[in-house]
Amino acid sequence: MEKKAILRDIVAEVIEIDDFEDHSRFGEDYGVDSMMVLELVASIEKEFKMTIPEEYYPKFQTFADVVQIVEELSTERV
């Protein structure tokens with residue numbers, strides 16, 4: 001499965017919403033709180049066997065942000 005599709009599944013499971021827009025804001029539009037962001041980060045780290053530095057956590061505002069961050073950190077590891 002493509003990375004973006006895997007991330008979409010992870011986000012849908014964590015925020016418990018199946019259909020969301022790439023640029024909808026997690027906090028304002030879906031009520032995502034800091035604990036859910038931590039759960040999201042942990043799920044992504046486990047799935048992709050990566051570490052997401054804590055300074056990135058506040059940047060997890062939209063699905064597009066999640067994809068961009070994972071892509072950025074994935075390319076840094078190579």
Side-chain angles (χ1 to χ4, degrees):
M1 193 177 341
E2 175 190 338
K3 188 182 292 185
K4 188 173 179 178
I6 294 169
L7 287 169
R8 186 169 289 281
D9 288 346
I10 292 171
V11 170
E13 184 177 322
V14 171
I15 68 172
E16 299 177 353
I17 294 175
D18 290 330
D19 189 30
F20 52 88
E21 300 294 322
D22 287 4
H23 297 283
S24 294
R25 302 190 61 77
F26 291 148
E28 291 91 11
D29 298 330
Y30 305 118
V32 173
D33 61 18
S34 59
M35 293 305 293
M36 292 172 92
V37 170
L38 291 176
E39 184 180 344
L40 178 60
V41 168
S43 296
I44 292 169
E45 288 178 329
K46 183 177 178 182
E47 176 67 33
F48 293 102
K49 296 174 180 49
M50 65 188 309
T51 300
I52 299 172
E54 203 170 315
E55 63 263 19
Y56 281 87
Y57 298 1
K59 297 177 183 181
F60 280 70
Q61 299 292 315
T62 67
F63 179 69
D65 295 336
V66 171
V67 172
Q68 180 181 350
I69 290 165
V70 171
E71 288 292 340
E72 179 182 319
L73 292 174
S74 295
T75 52
E76 285 179 6
R77 289 178 36 207
V78 176

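Note: hydrogens, waters and symmetry copies are ignored here, and every other heavy atom, side chains too, is used.
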request  = Compare all side-chain heavy atoms of Phe20 with those of Thr62 and state whether any distance is below 4.5 angstrom.
outcome  = no
request  = Taking all heavy atoms of Ser24 and all of Glu21, pick out the closest pair and write down the distance.
outcome  = OG-CB, 3.1 Å
message = For Glu13, is the CD atom crowded, meaning more than 12 foreign heavy atoms sit under 6.0 Å from it?
response = no
inquiry  = Any carboxylate oxygen within less than 4.0 angstrom of a Lys/Arg side-chain nitrogen, looking at Lys4 and Asp22?
reply    = yes
request  = Report yes or no: is the cationic atom of Arg25 (NZ for Lys, CZ for Arg) closer than 6.0 Å to the six-membered ring centre of Tyr30, at no more than 45° off its axis?
outcome  = no
ask   = Gln68 versus Lys59: any side-chain heavy-atom pair under 4.5 Å?
value = no
inquiry  = Tell me every residue that passes side chain to side chain contact (heavy atoms under 4.5 Å, CB included) with Pro53, counting only those two or more places apart in sequence or in another chain.
reply    = Glu55, Tyr56, Leu73
request  = Just jot down the ring pair (Phe, Tyr, Trp, His ring centres under 6.0 Å) partners of Phe60, sequence neighbours excluded, or say none.
outcome  = none
Gap between atom CZ of Arg8 and atom CZ of Phe63 - 0.5 Å precision = 4.5 Å
key: Spacing of Lys49 atom NZ and Ser74 atom OG [to the nearest 0.5 Å]   = 12.5 Å
key: Interatomic distance, Leu38 atom CG to Asp33 atom CG [nearest 0.5 angstrom]   = 9.0 Å
task = Using side-chain contact (heavy atoms from CB on, under 4.5 Å) as the criterion, point out the one residue from Leu7, Asp65, Ile6 that pairs with Val70.
result = Leu7
task = With rounding to the nearest 0.5 Å, note down the distance linking CE in Met50 to CD1 in Ile52.
result = 5.0 Å
inquiry  = If you apply the rule side chain to side chain contact (heavy atoms under 4.5 Å, CB included), what do you find for Phe26 with Val37, and how did you get there?
reply    = CA-CA 9 Å; Phe26 291 148; Val37 170; 5.8 Å; no
